[in-house]
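Everything below concerns the one structure shown next.
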Amino acid sequence: MTGLPCSGKTTIIRKLAKHVQNLAILDGDELREWLSPKDFSREGRNEHNRKVANLAKMLLDHDVPVGVSLISPYLENRETARKIINNNEKFFELYVKCSLEKCEERDTKGLYKKARKNEIKNFTGINDPYEEPPNP
């Protein structure tokens, strides 16, 4: 599941988990804490997305259903994930389309405000692009 920060990806995945037995939730924010350094450069984001895709593949290879909540801002991130999973029967790209204004309203951490003040660099949707999927 991809979309802007605060678009509702994790909320949707958590609700889905109530209906999918043994769904493993891979949340980008939670995983970043221990899986990837806090590098929000394009290269850092690409590396983080690759790691999450590989973790998802490992779980899928053991027949564990996986829901991934990840900003995954670049088209190349999602294409790389698709290649890593290497199974179109198990890979579904879902786009949580939410307006920037609504995402900013939902931002309880104040990250959008900090990004608008240039206190946060490379913040997706403000000073770093989000590339909408052409065919989610």
Residue pairs fulfilling salt bridge (charged side-chain N to carboxylate O under 4.0 Å, His left out) with at least one residue in residues 111-124, sequence neighbours excluded
Glu104-Arg116
Ignoring hydrogens, what is the shortest heavy-atom contact between Arg106 and Cys98? Give both atom names and the distance.
NH1-SG, 3.6 Å
Do Asp128 and Tyr74 have side-chain N/O donor and acceptor atoms under 3.5 Å apart?
yes
Do Ile13 and Leu70 land in one hydrophobic cluster if side-chain heavy atoms of ILVMFWY residues count as linked below 4.5 Å?
no
Val68 versus Ala56, closest heavy-atom pair with distance:
CG2-CB, 4.2 Å
Non-hydrogen atoms of Leu23 and Ala17 that approach each other most closely:
CD2-CA, 3.7 Å
Can the positive tip of Arg82 be found less than 6.0 Å from the middle of the six-membered ring of Phe92, inside 45° of the ring normal?
no
Scanning both residues in full, the closest heavy-atom pair of Ile71 with Pro5 reads CD1-CG, 3.6 Å
On a heavy-atom basis, which atom in Asn127 and which in Asn122 lie closest, and how many Å separate them?
OD1-N, 3.2 Å
Residue pair Asn77 / Asn46, side-chain donor-acceptor N/O under 3.5 Å:
yes
Of the non-hydrogen atoms in Tyr112 and Cys103, which two are nearest, and what is the gap between them?
OH-CB, 3.5 Å
Side-chain H-bond candidate by donor/acceptor type, Ser69 with Thr10, under 3.5 Å:
yes
